[in-house]
Amino acid sequence: GCYREQYYSPLFYQVYLDYRYSINWAKLPDMSHVIQACAQEAVKRKYSYFAIKNYGQCSWGPHGLLISSRRVQVSWCCYGLGGPWVVSVYKIGNVTGKLA
């Protein structure tokens, strides 16, 4: 889902991969290559979920799954890549890195 983050207490504060400068914008609107890159790195780190913010920053936080109860769901995430103060949240279904 797409959620608004708060600058003073972001749930996804740890950027583990900055993919913004590797994005192939010619593939719009299909940005699955960015989402898969974030998912693959998350699996390596044994994360069961992750978020993408700021158009390509793969991020994580230990309380990230609480986002649905602590943050407002919004609809302005850009192609699944989040945006300024919004995160696109993904849950990993299994250790192969396929998204749930």
From [X] [atom1] over to [Y] [atom2], what is the distance, rounded to the nearest 0.5 angstrom?
X	Y	atom1	atom2	value
Cys38	Met31	SG	CE	12.0 Å
Asn54	Gln57	CG	CD	4.5 Å
Leu17	Arg45	CG	CZ	8.0 Å
Cys2	Ile52	SG	CD1	11.5 Å
Phe12	Lys53	CZ	NZ	9.5 Å
Cys58	Arg20	SG	CZ	10.5 Å

If I compare all heavy atoms of [X] with all of [Y], which pair ends up nearest, and what's the gap?
X	Y	result
Leu11	Glu5	N-OE2, 2.8 Å
Tyr13	Pro10	CD2-O, 3.6 Å
Ala42	Ile92	CB-CD1, 3.6 Å

Other cluster members, Val15 - Ile/Leu/Val/Met/Phe/Trp/Tyr, side-chain contacts below 4.5 Å: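 Its cluster partners, ordered by chain and number, are none at all.
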With sequence neighbours excluded, residues passing salt bridge (charged side-chain N to carboxylate O under 4.0 Å, His left out) with Arg4: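 Not a single residue meets the salt bridge (charged side-chain N to carboxylate O under 4.0 Å, His left out) criterion with Arg4.
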Donor-acceptor pair, side chain of Tyr79 and main chain of Tyr55, under 3.5 angstrom: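 Not confirmed, Tyr79 side chain does not pair with Tyr55 backbone.
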Can a donor-acceptor pair be found, under 3.5 Å and without considering hydrogens, that links the side chain of Tyr47 to the backbone of Gly61?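 Side chain of Tyr47 to backbone of Gly61: no pair is present.
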Can you spot which of Phe50, Tyr3, Trp60 makes a ring pair (Phe, Tyr, Trp, His ring centres under 6.0 Å) with Tyr90?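 Exactly one option meets the ring pair (Phe, Tyr, Trp, His ring centres under 6.0 Å) with Tyr90, and it is Phe50.
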Is it possible for you to say whether Leu66 and Tyr7 belong to one hydrophobic cluster, with membership spreading through side-chain heavy-atom contacts below 4.5 Å?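 Result: no, two separate clusters.
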Starting from Trp85, can I reach Tyr8 by hopping between I/L/V/M/F/W/Y residues whose side chains sit under 4.5 Å apart?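 Hydrophobic grouping puts Tyr8 with Trp85.
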Return yes when atom NE2 of His33 has more than 12 non-hydrogen atoms of other residues, nucleotides or ligands closer than 6.0 Å, and no otherwise.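 Above 12, so yes.
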List the residues meeting disulfide bond (SG atoms under 2.5 Å apart) with Cys78, not counting sequence neighbours, and say none if there are none.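 By the disulfide bond (SG atoms under 2.5 Å apart) rule, Cys78 matches no residue at all.
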